[in-house]
Trainee: 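If you scroll down you'll find the structure; I have some questions about it.
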Amino acid sequence: VRIPFVASLPTRKTDHLTIAASPGVLHTVTTGLEDVRLRHRALPGRDLDQVDLTTALLGAHLAAPLLVSAMTGGTDEAGVINRRLAEAAAEHGLAMALGSGRILLDDPSLLPTFRSGPRPPLLLANLGAAGLTVDAAEELVELLRADGLTIHLNAIQEAVQPEGSPDFADAGERIAAVAAALAPLPVVVKEVGFGMDAEDVRELDRSGVAAIDVAGAGGTNWATIEGRRDDRAGAVAAAFDGWGVPTADALAQATAATVLPVIASGGVGDGVDAAKCLALGAAAVGVARPLLTAALADRADVAAEVLVEQLRIAVWACGAPSADAMDRSRLAR
Ligand SMILES: Cc1cc2nc3c(=O)[nH]c(=O)nc-3n(C[C@H](O)[C@H](O)[C@H](O)COP(=O)(O)O)c2cc1C
């Protein structure tokens, strides 16, 4: 008889942060972005500072089409990280999604571990699709005074996690009910780094969500992270170290399957990767783990600044006047 290893939610949060920041937690497959090349224009056509990175996303005005992907909240350490990430996002005009708010619904006194520091131009709450209810979604968005909600689909993680709830039978209906209840506030559905299929995107499109974040494979691997917490989980997780839809592939499938804004994320390492995603049709680009490790080193502000600068140079050097003008015509032939 297997005695399940069950960690309390705060303990699990701490484990996740420690393990996620350590080496060896990336997918064994790559994003596919390394095979995408942007054109290089020796005559970019304008001065670098004439490049316009501003964009509108979900009703907000961003200084650049970048999103701090959902990560954490609920512990003192998470509070420090969220403050540093919020400062960086606000300073550079980027969107930010907070980590899963489940723990906050259990204990509203944890609010300062989610919300401290300045407010980014677009602030999104986050909950998992497994166990999602309309009441929880409404209460969380209200508590955080968020501009909308991101809902994560994490089937592989829940299945590998010792205390996981791989209950996805009616996930689609739950998402549709939450999207209807929160409207006009936007609901974004994301994966956590295994990507999604075109069929998923079509289902989500029909469920009334405002945008889709493919969160593809090639970056952080949540089977591997869960596998580090427990030997048996590790044995199961080993087969999934390369599972999923690589980010470039997931992005191509999603943009072909919907006219909704598609956010690209999963293994986005720098501003050139972000520019490639925009050229492939993304409306914005999300980054998680690289900003976590920067925040832990109290360098989130510098990391965000570098990301924006790399994106600006890439948009400029492939001849585009603006981030919004990035399309397939900017890809090398
Ligand atoms: C420490 C950590 C915690 C995370 N927690 C959440 C979460 O609470 N909700 C969620 O939707 N995604 C969560 N994610 C997944 C990220 O939002 C993202 O989809 C994934 O890490 C892939 O992006 P990356 O390769 O840039 O890290 C977390 C990621 C990290 C690194």
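These values consider heavy atoms only, across backbone and side chains, with no hydrogens, waters or symmetry-generated copies. Remember, it's 1-based here, ligands and their atoms both numbered in the order they're listed. Since the structure is predicted, the reported quantities are computational estimates derived from the model, not experimental observations.
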Trainee: Check whether L182 and I212 end up in the same hydrophobic cluster, where Ile, Leu, Val, Met, Phe, Trp and Tyr are linked by side-chain heavy atoms less than 4.5 Å apart.
Mentor: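 Yes, same cluster.
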Trainee: Look at the side-chain heavy atoms of Ile, Leu, Val, Met, Phe, Trp and Tyr, link any pair under 4.5 Å apart, and say whether L251 and V287 land in one connected group.
Mentor: yes
Trainee: Hey, is R119 close enough to D147 for a salt bridge, meaning N to O under 4.0 Å?
Mentor: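 Here R119 pairs with D147 in a salt bridge, since their nearest N and O are under 4.0 Å apart.
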Trainee: Show me, by chain and number, every protein residue that has a heavy-atom distance under 4.0 Å to ligand 1.
Mentor: L17, A20, S69, A70, M71, G99, S100, N126, H152, K190, E191, V192, A215, G219, T220, W222, G266, G267, V287, A288, R289, P290, L292
Trainee: How many angstroms lie between CD in E226 and CG in N221, if you round to the nearest 0.5 Å?
Mentor: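 Taking CD in E226 and CG in N221, the distance rounds to 10.5 Å.
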Trainee: Nearest 0.5 Å, what's the OG-CG distance between S100 and L9?
Mentor: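 Here the rounded value is 7.5 Å.
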Trainee: Could you note down all residue pairs passing salt bridge (charged side-chain N to carboxylate O under 4.0 Å, His left out) where residues 102-117 supplies at least one of them, sequence neighbours left out?
Mentor: none
